[in-house]
**Q** 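Pasting a structure below so you can have a look.
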Amino acid sequence: MIANGAEDEEKWLAAGIAGLQQNAFYMHRALDSNNLRDALKYSAQMLSELRTSKLSPHKYYELYMRAFDELRKLEMFFKEETRRGCSVIDLYELVQHAGNILPRLYLLCTVGSVYIKSKEAPAKDVLKDLVEMCRGIQHPVRGLFLRSYLSQVSRDKLPDIGSEYEGDADTVVDAVEFVLQNFTEMNKLWVRMQYQGPAREKEKREKERSELRDLVGKNLHVLGQIEGVDLDMYKDSVLPRVLEQVVNCKDELAQFYLMDCIIQVFPDEYHLQTLDVLLGACPQLQPSVDIKTVLSQLMERLANYAASSSEVLPEFLQVEAFSKLSNAIGKVIEAQPDMPIMGVVTLYSSLLKFTLHVHPDRLDYADQVLGACVKKLSGKGKIEDNKATKQIVALLSAPLEKYNDIVTALKLSNYPRVMEFLDNATNKVMATVIIQSIMKNRTQISTIDKVEALFELIKGLIKDLDGTFDDEIDEDDFKEEQNSVARLIQMLYNDDLEEMFKIISTVRKHILTGGSKRLIFTVPPLVFSSLKLVRQLQGQEENPFGDEESTTPKKIFQLLNQTIEALSNVPAPELALRLYLQCAEAANDCELEPVAYEFFTQAYILYEEEISDSKAQVTAIHLIIGTLQRMQVFGVENRDTLTHKATGYSAKLLKKPDQCRAVYACSHLFWVCDQENLKDGERVLICLKRALRIANAAQQMSSATRGSTGSVTLFVEILNKYLYFFEKGNAQITSSSIQSLIELITTEMQSDSTTPDPATNAFFASTLRYIQFQKQKGGAVGEKYEPIKA
Amino acid sequence: MVLVLALGDLHVPHRAPDLPAKFKSMLVPGKIQHIICTGNLCIKEVHDYLKTLCPDLHITRGEYDEETRYPETKTLTIGQFKLGLCHGHQVIPWGDLDSLAMLQRQLDVDILVTGHTHQFTAYKHEGGVVINPGSATGAYSSITYDVNPSFVLMDIDGLRVVVYVYELIDGEVKVDKIDFKKTTTTQSAH
């Protein structure tokens, strides 16, 4: 039966249309020959097709539209008839003789339209008559379409303010009354549909009802467009009557649709002024109505209204919109203890957005909303439902987007409490959102309590929540996460040095809970922040009256030592070595010799015990030499010890070329240009000669193992170093020693056993060019270089 | 006219959160033909960002770079000029021009670009030009106090290179330029 249903419907519709068209044809013939009687006869027959019960609303509509079009022509004919002398009152009487009630009423409405236009009776009287006569049709679908027809034809004939139909007897009150009555009856019919037919077809019925809902809603649109319906009339008659019908019909579908309609159709200022009434209706609705969507829609509209112009904001305050809405939400949630979490959060999310738009300066309101949300969620533990989680993230992102300034969001005491309900993964996502907001707005965080509050929010990134490391996290994601924390640390800053030190200590405390995987990301930025602070303290005069508690470079260095030490747990010796050397240089600038020495010691220990990869050793030794070369703070003994060790390490590097280069780099340790007492020409030469010996050994090794002596590039490099010190005035480097070196290189290069190397040739050539150039300079330099023959 | 961007020592995220906003808005993709970077980016995100500005990207290794496989030195030819690139922590004493000149002779280049000191310099000597683009983020340096963010743009045209240095001083971008001409009598090795 059901399978055939659709086919059958098509057949019936086709039959209905055929019947309609046939009668319409005859009706037209009658119209053309001014035959009123026949016109009425055939039009009634035509309209009889609308008496069918066999069509679904969708199909009935098709039939209805054709009838509608034909009735327009009939209406024109009626108008002509009245002009030809037929009394409209008689016409009104005549059509009531039609046999069946439905065609009778359609004809009556049609004539009624002409009647009102003729103004032979007050519009209100005709309208009242029609709206009551329509009660004769109690079949839902037929009745809805009939009343819809009445609404359509009367639309432009309502006695609105300024309309031609307004008069002493006719006012907008009557217009409103008419529409309200039609609406009420239509809603009743619509609700009745729910109870027609067997229980198993409930879904089908609901679908059909859905298709018809706009017919009912149209009445509210009409009300919304009546000019005479001002705020007072809306408040006093329209809204109460409409709500009465909505509440009393006790139908879920109708209630949901109509509440939404009211909100969409009438102006936002009206809603503000009738907030009590509107919200008061909500708890009276059926419990199954999706009230949260209704409320969310309302709040969204009001939020947009507030955003549209700042002039309307005082209105919100005047009607106490915020407290009314939050109370209403509270009541709704209480009344529906089974409301899913997503629903609860959506409500609060809409309320929060509303609050942010309407009361942007009232952080306490925003906090209140978050607090209410926390309360409702309490006891539920971490939220598992994805949709609910998404809503919570939306809730938390709203203040960030609105304020563009994390500092404001940090003042919301309930913010972190809401974050507690997120599962670990989402918590981290939210933390990242927060950090991105800070980076985007380049916000500086400058007090400890803000830093503490911030780290509380992002604790999912700082350490392992629940004590276990999340093994499933992707390595790249983890790196990105930690790098963003590192960047964040750069944004924590205060000009006041005491405050800055406190910030650094606080951050340190937090990152040390991060575990070894996180330290390599978080320790460096903290170290450099601290070194920047040291430099600022340097610039300040030492305060002789300063108390014990004040920050000094020494205190910071102690902190730094302990912090870098933590890297040994990772382990990260290469990084730690670099950081120790940075601290050593900073201690040097503060003239703290013991502190600088301590840092060097730590660096050396790491070099000896932890750095075994040759490439890493080469870089490390250059960093050590480069740093040591710049140290001015060491006394002779300390300097000698450190230098001796450095040259020792250099000579013990694995590959000969690396040894050679490190050793000649050490030569600079004995020659510091701006300090006369640190220029030891002899020891410079000793280094360079040692480098030469190593270069020779390298050649011999190469000859033994490969048959050729390899390239002479090391010799050219050493030659350049000779020239460097020669020019700087090292008396131990003579022009003859340079000459011999040049000859050595020339010989080697011409020798058959040497591998030709264009790069080395070019290097040698440019070195010789340099010598020439210096000779040509003249003056003291030229004289110096004169004895050297290239 | 070939535009070469030279920059380095960004030290993101260890010492700086990001490039200054004013620099970022100036550096748009498609305008630069080559980027040479002295090193110490330090993370992949910076590498990827630079790649979006220009696909021809050359980087040498700085001691804090996450990517340890960048080369210690690099040479490339652009137009009539041979350029050399090196981070500079390998050349001791750090920042010493004579020692850098030695590296320049060794690499046999007209223009040597190095970093490490975070201090912009452009120095001409008989062998060519030594340029240090400074730190693009103004990162902390143990060697230089009060580092201003800076980078260099070289306009190479025939035998002439104009070096534009952009420095962010007190929130404003200041530009300076230096002209260098390569004399044809300078014999670069072939």
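Letters A, B, ... mirror the listed sequences (proteins, then strands); counts begin at 1.
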**Q** Side chain, backbone, both or neither: which part of B:Ile143 has a non-hydrogen atom closer than 4.5 Å to chain A?
**A** both
**Q** Please classify the contact between A:Gln774 and chain B as side chain, backbone, both or neither, with a heavy-atom cut-off of under 4.5 Å.
**A** neither
**Q** Quick check on B:Lys24: does its NZ atom have over 12 non-hydrogen neighbours (other residues, nucleotides or ligands) under 6.0 Å away?
**A**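 Yes, because the 6.0 Å sphere around NZ of B:Lys24 holds more than 12 heavy atoms from other groups.
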**Q** Can A:Arg487 and B:Glu45 be counted as an ion pair, charged N to O under 4.0 angstrom?
**A** yes
**Q** Can you confirm whether more than 12 heavy atoms, excluding those of B:Asp179, are under 6.0 Å from its CG atom?
**A**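 Atom CG in B:Asp179 is crowded, with more than 12 foreign heavy atoms closer than 6.0 Å.
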**Q** Using 30° and 60° as the class limits, which term best fits the ring planes of A:Phe528 and B:Tyr140: parallel, tilted or perpendicular?
**A** tilted
**Q** Which answer fits B:Ala21, side chain, backbone, both or neither, if we ask what part of it has an atom under 4.5 Å from a heavy atom of chain A?
**A** both
**Q** Please tell me if the side chains of B:Arg105 and A:Val716 come closer than 4.5 Å, counting only heavy atoms from C-beta onward.
**A** no
**Q** Verify the neighbour count for atom NZ of B:Lys31: are there more than 12 heavy atoms of other residues, nucleotides or ligands below 6.0 Å?
**A** no
**Q** So which of A:Leu723, A:Thr627, A:Leu669, A:Leu581 has the biggest tally of heavy-atom pairs under 4.5 Å with chain B?
**A**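 Heavy-atom pair counts peak at A:Thr627.
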**Q** Are any of the side-chain nitrogens in A:Lys479 or B:Glu66 under 4.0 Å away from the carboxylate oxygens of its partner?
**A** yes
**Q** Looking at A:Lys721, A:Met491, A:Glu574, which has the largest count of heavy-atom pairs under 4.5 Å with chain B?
**A** A:Lys721
**Q** Looking only at heavy atoms, which two atoms of B:Pro17 and A:Met439 are closest? And how far apart?
**A** CB-CE, 3.5 Å
**Q** What part of A:Phe764 is in contact with chain B, defined as an atom under 4.5 angstrom from a non-hydrogen atom: side chain, backbone, both or neither?
**A** neither
**Q** Given the options B:Asp96, B:Thr68, B:Val12, which has more heavy-atom pairs under 4.5 Å with chain A than any of the others?
**A** B:Asp96
**Q** Is A:Asp476 salt-bridged to B:Lys44, cutoff N-O under 4.0 Å?
**A**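 Salt bridge: no.
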**Q** A:Pro524 pairs by side-chain contact (heavy atoms from CB on, under 4.5 Å) with which of B:His11, B:Arg15, B:His14?
**A** B:His14
**Q** Got A:His622 and B:Val91 here, is their nearest side-chain heavy-atom distance under 4.5 Å?
**A**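 No; the side chains remain at least 4.5 Å from each other.
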**Q** I'd like to know whether A:Lys728 forms a side chain to side chain contact (heavy atoms under 4.5 Å, CB included) with B:Asp98, so could you lay out the CA-CA distance, the side-chain angles of the two residues, the decisive distance to 0.1 Å, and finally the verdict.
**A** CA-CA 10 Å; A:Lys728 296 280 191 243; B:Asp98 294 313; 2.6 Å; yes
**Q** Kindly indicate, with the supporting measurements, whether the criterion side chain to side chain contact (heavy atoms under 4.5 Å, CB included) is fulfilled by B:Met102 and A:Tyr770.
**A** CA-CA 10 Å; B:Met102 166 180 155; A:Tyr770 173 72; over 6 Å; no
**Q** On a heavy-atom basis, which atom in A:Gly626 and which in B:Ile92 lie closest, and how many Å separate them?
**A** N-CD1, 3.7 Å
**Q** Is a side-chain donor or acceptor of B:Glu63 paired with a backbone partner of A:Arg578 at a separation under 3.5 angstrom?
**A** no
**Q** Between A:Glu717 and chain B, which part of the residue has a heavy atom less than 4.5 Å away: side chain, backbone, both or neither?
**A**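 When you check distances to chain B, atoms from both the backbone and side chain of A:Glu717 fall under 4.5 Å.
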**Q** Sort out for me which of B:His89, B:Gln104, B:Gln106 touches chain A most, counting heavy-atom pairs under 4.5 Å.
**A** B:Gln106
**Q** Please indicate whether B:Lys181 has more than 12 foreign heavy atoms, meaning atoms of other residues, nucleotides or ligands, lying under 6.0 Å from its NZ.
**A** no
**Q** Tell me, do B:Trp94 and A:His668 make a side-chain contact under 4.5 Å, heavy atoms counted?
**A**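 With C-beta onward as the side chain, the pair stays apart.
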**Q** Give me the atom names and distance for the closest heavy-atom approach of B:Pro13 to A:Pro525.
**A**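 Closest pair (atom of B:Pro13, atom of A:Pro525, distance): O-CB, 4.1 Å.
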**Q** For A:Tyr724, is it the side chain, the backbone, both or neither that has a heavy atom under 4.5 Å from a heavy atom of chain B?
**A** side chain
**Q** What is the distance from atom OG of B:Ser142 to atom CG of A:Asp589, rounded to the nearest 0.5 Å?
**A** 8.0 Å
**Q** What pair of heavy atoms forms the shortest contact from A:Ala762 to B:Asp108, and how long is it?
**A**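 Shortest heavy-atom separation between A:Ala762 and B:Asp108 comes out as CB-OD2, 3.8 Å.
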**Q** Counting only heavy atoms closer than 4.5 Å, note whether A:Ala765 contacts chain B via side chain, backbone, both or neither.
**A**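 Contact with chain B is absent: no heavy atom of A:Ala765 under 4.5 Å.
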**Q** If I measure from the heavy atoms of chain B, does A:Arg630 come under 4.5 Å with its side chain, its backbone, both, or neither?
**A** side chain
**Q** For A:Arg535 and B:Thr144, work out which heavy atoms get closest and say how close.
**A**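 Shortest heavy-atom contact: NH1-O, 3.2 Å.
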